[in-house]
Amino acid sequence: MGRRQETAEVKRLLSASRLVTLTGVGGVGKTRLALRVADDARRAFPDGVWLAELAELDNPAMLAQGVTEALEIRDRSSRPAIDVLVDHLRDRETLIVLDNCEHLLEGCARLADRLLRAAPGLRLLATSRQALGTAGEQSLAVPALGLPDAEAPRPSLGALAQCDAVRLFIERAVAIVPGFQLGEDNRDAVEMICRRLDGIPLGIELAVVRLRALSVQQLLDRLDDRFRLLTTGFRTVLPRHRTLRALIDWSYELCTERERLLWARLSVFAGSVDLEAAEAVCSDGGIERAEILDLVTELVDKSVLLREEHRTAVRYRMLDTLRSYGRERLAASGEEAARLRLHRAYYRRLAADARAALFGPAQVQWFTRLKLEHADLRTALEGCLADPAQTSCGLSMAADLLYHWITSYHLGEGRRWLAQGLALCPEPTEVRARALWTDSWLAVIQSDTDAAAALLEESRSIATRLGLDSVLAYTALYSGMVAMYRGATQEAIALYEEAVARHRGTGDPVGLSLALIRLSLARSFIGDSPGAIALGEESLAVCDAYGEGWHRAYTMMALGVDVWRQGDTARAARLERESLTFNRSLDDPLGVGVNLEVLAWIAATDRDYARAARLLGALRTIWHTIGAPLSGYGHLVHYHEECEATVRRALSKPAFNAAARQGARLSYDEALEYALEDELPGGQTAAGERPSPLTPRESEIAELVARGLSNKEIASSLVIAQRTAEGHIEHILSKLGFTSRAQVAVWAAEQHRTTGFEGERTPEGRV
């Protein structure tokens with residue numbers, strides 16, 4: 001893998017300093033080195049090693065939010081993101097890799113300083129083109145890949161092949177030209193190419209692509225010519241910057257005119273991009289829409305674009321160094337403003353289309369897609385709200401993304417976008433009225449009911465003045481939620497009934513289903529079981545008519561509450577588990593939390609007190625992470641309190657505390673497995689011990705190895721980088737004391753036979 005000396009040095013620095021920054025020219029391999037060190041260091045950080053990729057962020061105000069998302073913190077409170085981060089990290093032993101800090105240097109320095117002061121168990125490993133410049137920082141200038149000493153005797157062929165730069169050249173050349181070998185006939189040319197490129201990994205990868213059409217000697221000759229021509233104008237630039245710039249210039253000029261155009265136009269995307277987006281934003285003006293696929297394929301072949309496998313589609317990503325270069329070319333062409341307008345228009349349409357499709361069979365696919373598109377949705381919102389002519393469009397877009405904010409890690413960010421848009425669009429329009437009630441629901445989820453009530457009052461006033469029946473239906477619905485939260489049950493029921501009637505009148509199945517769910521819960525709360533059941537069944541019928549899943553899951557949750565209150569705990573448990581299965585697939589922490597609540601109440605009713613205590617312990621962790629207990633369902637808190645009191649009375653204090661601690665120690669996925677299966681996950685004993693030395697992610701990968709999947713296939717299956725999969729396999733071999741994948745396969749088969757071992761997913765943000 002190379003970089004042994006640098007890896008050891010970074011580990012030494014990290015053991016002595018809580019902030020280490022790897023510096024160097026773009027493409028020198030800072031990220032790769034940081035990830036290798038982080039992966040090696042996992043055992044030293046029991047609370048996890050995480051990667052926060054900052055290249056997609058342009059606004060320093062979003063830094064804390066970006067790191068919160070990277071750590072997969074499911075906070076639904078109204079607290080500032082930095083406070084959420086500090087609270088989460090305060091007592092944890094964690095390593096965070098802050099990747100690509102150079103464009104947000106001051107903000108990263110302030111963030112690092114705040115986090116390190118508050119969290120003594122935290123270590124930060126940053127990558128940047130220059131040091132952050134904060135107190136206590138240790139920096140390491142990442143050198144280029146190693147080459148033979150020019151003053152030493154000529155190395156043997158084997159020794160040359162072990163030099164890091166030459167080894168990378170060979171690896172990439174074999175991928176380009178199957179059967180390529182380093183031999184006496186080409187060794188001097190390979191070594192000279194690596195020297196010409198100063199051992200910069202990105203430079204080597206871009207150059208080796210040319211072996212499709214050139215021999216090694218031809219490649220060297222053209223590099224020599226190229227550098228003589230291009231480096232004369234860079235006297236004030238550092239040599240390695242000059243080398244990489246010259247090579248990227250050469251790669252750019254060897255592209256066809258249309259490939260260059262696409263390279264430049266694709267630079268407007270902040271994150272990964274699918275073919276549809278590339279066609280919409282990058283076609284016309286020299287590129288026909290039908291040409292995009294072929295041009296994208298060529299740019300992948302030239303290593304300008306990286307191909308990423310996702311469950312639903314292939315996506316493409318550009319390295320930050322190449323994106324910055326493309327953006328320079330786009331600006332020089334005079335096209336930048338026009339392409340950014342097309343980019344904003346595309347993502348406005350995407351948000352509107354997602355809103356239109358949110359109640360139907362394609363719902364989950366849309367939620368998944370919006371998560372993948374988040375970086376570009378954010379860029380589009382920033383662009384709209386920065387343009388006085390587009391602020392109303394930006395506000396409408398933020399409102400259209402309501403369900404994205406709710407079903408992802410971005411609820412707090414959604415409120416900030418809505419607040420910014422509302423401040424910029426004070427006119428009493430339909431867009432403002434809709435944005436106000438949208439923001440009110442996010443506020444209710446955050447238990448910020450005073451703010452929600454104020455937002456709803458203004459929304460209702462605008463809707464009354466403009467005759468907006470749809471808005472009045474939603475203001476009645478969310479006003480009912482506020483009333484229910486405040487204990488005004490009869491007022492809430494009247495508002496929910498108004499919402500049901502208005503949504504029936506406007507023919508809005510989304511609002512109707514929501515109103516029926518809330519009215520069912522309220523009717524159940526006052527003991528009207530027949531009414532609650534009838535309303536729940538009507539909501540199910542509405543959902544089934546549209547092939548809808550998410551609202552249906554919440555309907556089953558509501559029905560489960562009333563069925564439990566009637567004493568039919570077996571049916572109630574079935575309803576909650578079916579609901580939980582869907583909410584788990586969507587990764588909806590709020591829905592999951594409410595499901596676990598009801599399952600805990602059911603366990604207490606069935607006198608399975610140890611199980612109830614474990615679920616209550618797991619819920620402490622879940623609600624603390626979300627930031628608001630029973631977020632949006634505050635009137636159910638008394639059921640939680642009654643359950644806990646019952647279980648405490650039934651168990652001795654030591655027994656209750658032990659079971660609750662056992663539940664609290666479960667990971668998020670383990671808690672859901674326990675709720676669904678009744679048994680503790682992974683073969684845990686009563687003390688919560690695992691028979692396997694592997695983490696859940698490693699266990700999953702071991703199972704895939706046993707099935708015969710290659711590293712590439714494992715990475716594709718789990719939607720992780722191939723290098724991450726390779727790192728996991730190295731750790732599996734080390735932990736088990738094995739030397740081959742075959743031994744892992746035999747071990748996994750034995751585990752499966754004796755313990756029912758199955759791999760399970762772990763958070764994808766973890767390194």
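- Using modelled atom types, one side-chain atom of W263 and one backbone atom of L322 make a donor-acceptor pair closer than 3.5 Å.
- Counting only N and O atoms by type, the side chains of D99 and T127 include a donor and acceptor under 3.5 Å apart.
- Proximity of F169 to L182: side-chain heavy atoms (C-beta onward) are nowhere separated by under 4.5 Å.
- The shortest side-chain heavy-atom distance between I204 and I200 does not fall under the 4.5 Å cut-off.
- Salt bridge annotation for E9-K11: absent, with no cationic side-chain nitrogen under 4.0 angstrom from a carboxylate oxygen.
- Considering only heavy atoms from C-beta on, Q162 stays 4.5 Å or farther from S156 through its side chain.
- Counting only distance, with no hydrogens or angles, the side chain of R129 and the backbone of G24 share no donor-acceptor pair below 3.5 Å.
- At least one donor-acceptor pair closer than 3.5 Å links the side chain of R323 to the backbone N or O of F269.
- When atom types are taken as modelled, the side chain of T621 and the backbone of Y668 share no donor-acceptor pair closer than 3.5 angstrom.
- L125 places none of its side-chain heavy atoms less than 4.5 Å from the side chain of I96.
- Considering OG1 of T94 and CG of L89, their distance stands at 5.5 Å, rounded to 0.5 Å.
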When you look at E171 and R167, which way does the salt bridge (Lys or Arg N to Asp or Glu O under 4.0 Å) test go after all the steps? CA-CA 6 Å; E171 289 174 358; R167 184 189 305 178; 5.3 Å; no
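- The environment of R90 atom CZ is dense: over 12 non-hydrogen atoms of other residues, nucleotides or ligands sit within 6.0 angstrom.
- Without hydrogens or angle criteria, R196 side chain to L220 main chain gives no donor-acceptor distance under 3.5 Å.
- Atom OH of Y316 is separated from atom CG of L266 by 10.5 Å, given to the nearest 0.5 angstrom.
- H310 places a side-chain heavy atom less than 4.5 Å from the side chain of L372.
- Among V177, V208, V209, L211, the one residue that satisfies the side-chain contact (heavy atoms from CB on, under 4.5 Å) test with R172 is V208.
- The minimum heavy-atom distance linking A144 with D198 is given by the pair CB-O, 2.6 Å.
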Assess the residue pair L105 and Q130 against the criterion (side chain to side chain contact (heavy atoms under 4.5 Å, CB included)); give the C-alpha distance rounded to whole Å, side-chain angles, the decisive distance to 0.1 Å, and a yes or no. CA-CA 8 Å; L105 210 59; Q130 65 184 98; 3.3 Å; yes
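- Ion pair R114/D83 flagged as a salt bridge, since at least one NZ, NE, NH1 or NH2 atom sits closer than 4.0 Å to an Asp/Glu carboxylate oxygen.
- Here D188 contributes atom CG and M192 contributes atom CE; the two are 7.5 Å apart, rounded to the nearest 0.5 Å.
- Remark: side-chain polar atoms of S215 are paired, donor with acceptor, to backbone N or O of Q218 under 3.5 angstrom.
- For the pair D376 (side chain) and V273 (backbone), a donor-acceptor distance under 3.5 Å is absent.
- In terms of heavy atoms, K302 sits closest to R212 at N-NH1, 4.4 Å.
- Taking CG from L116 and CG from L124, the interatomic distance works out to 4.5 Å, rounded to the nearest 0.5 Å.
- Electrostatic pairing of E69 and R378 counts as a salt bridge here, judged by a charged N lying under 4.0 Å from a carboxylate O.
- The heavy-atom pair separating E184 from L157 by the smallest distance is OE2-CB, 4.1 Å.
- Judged by distance alone, with hydrogens and angles left aside, the side-chain atoms of R92 form a donor-acceptor pair with the main-chain N or O of H88 at under 3.5 Å.
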Please walk me through it: do C108 and L54 pass side chain to side chain contact (heavy atoms under 4.5 Å, CB included)? CA-CA 10 Å; C108 286; L54 306 182; 3.7 Å; yes
Checking T31 against L22 for the side chain to side chain contact (heavy atoms under 4.5 Å, CB included) test, could you report, in this order, the C-alpha distance in whole Å, the side-chain angles of both residues, the deciding distance, and whether it holds? CA-CA 8 Å; T31 298; L22 307 183; over 6 Å; no
Passes salt bridge (Lys or Arg N to Asp or Glu O under 4.0 Å), E6 versus R4? Steps please. CA-CA 6 Å; E6 293 88 346; R4 289 190 181 89; over 6 Å; no
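- The backbone N or O of D320 sits less than 3.5 Å from a side-chain atom of S324, completing a donor-acceptor pair.
- Not a single donor-acceptor pair under 3.5 Å links the side chain of D40 to the backbone N or O of V37.
- For the pair F45 and L95, the tightest heavy-atom approach, listed with the atom from each and the gap, is CD2-N, 3.6 Å.
- Side-chain contact between P201 and R3: present, with at least one pair of heavy atoms (C-beta onward) separated by less than 4.5 Å.
- Interatomic distance, D221 CG to L214 CG, rounded to the nearest 0.5 Å: 9.5 Å.
- For S267 and R327, the side-chain atoms include no donor-acceptor pair closer than 3.5 Å.
- Taking the side chain to side chain contact (heavy atoms under 4.5 Å, CB included) definition, one finds that R110 meets it with E106, sequence neighbours left out.
- Looking at heavy atoms from C-beta onward, V300 lies out of side-chain contact with L306 at the 4.5 angstrom threshold.
- Scanning both residues, M62 and L57, for their nearest heavy atoms gives O-CD1, 3.9 Å.
- Ion pairing of R154 with D149 is absent here, as no side-chain N (NZ or NE/NH1/NH2) approaches a carboxylate O to less than 4.0 Å.
- Proximity of R195 to P148: side-chain heavy atoms (C-beta onward) are separated by under 4.5 Å at one or more points.
- A salt bridge links R42 with D39: the distance from a Lys NZ or Arg NE/NH1/NH2 to an Asp or Glu carboxylate oxygen falls below 4.0 Å.
- With rounding to the nearest 0.5 Å, the separation of CG in L19 from CG in L14 is 9.5 Å.
- In plain terms, the two heavy atoms of A131 and T23 that are nearest each other are N-CG2, 3.6 Å.
- The neighbour count for Q181 CD, taken as heavy atoms of other residues, nucleotides or ligands under 6.0 Å away, does not exceed 12.
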Please evaluate residues E205 and L247 with respect to the criterion side chain to side chain contact (heavy atoms under 4.5 Å, CB included), reporting the C-alpha separation (whole Å), side-chain torsions for both, the decisive distance (0.1 Å), and the verdict. CA-CA 11 Å; E205 294 187 15; L247 186 67; over 6 Å; no
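- A salt bridge links R317 with E308; the closest basic N to acidic carboxylate O contact falls under 4.0 Å.
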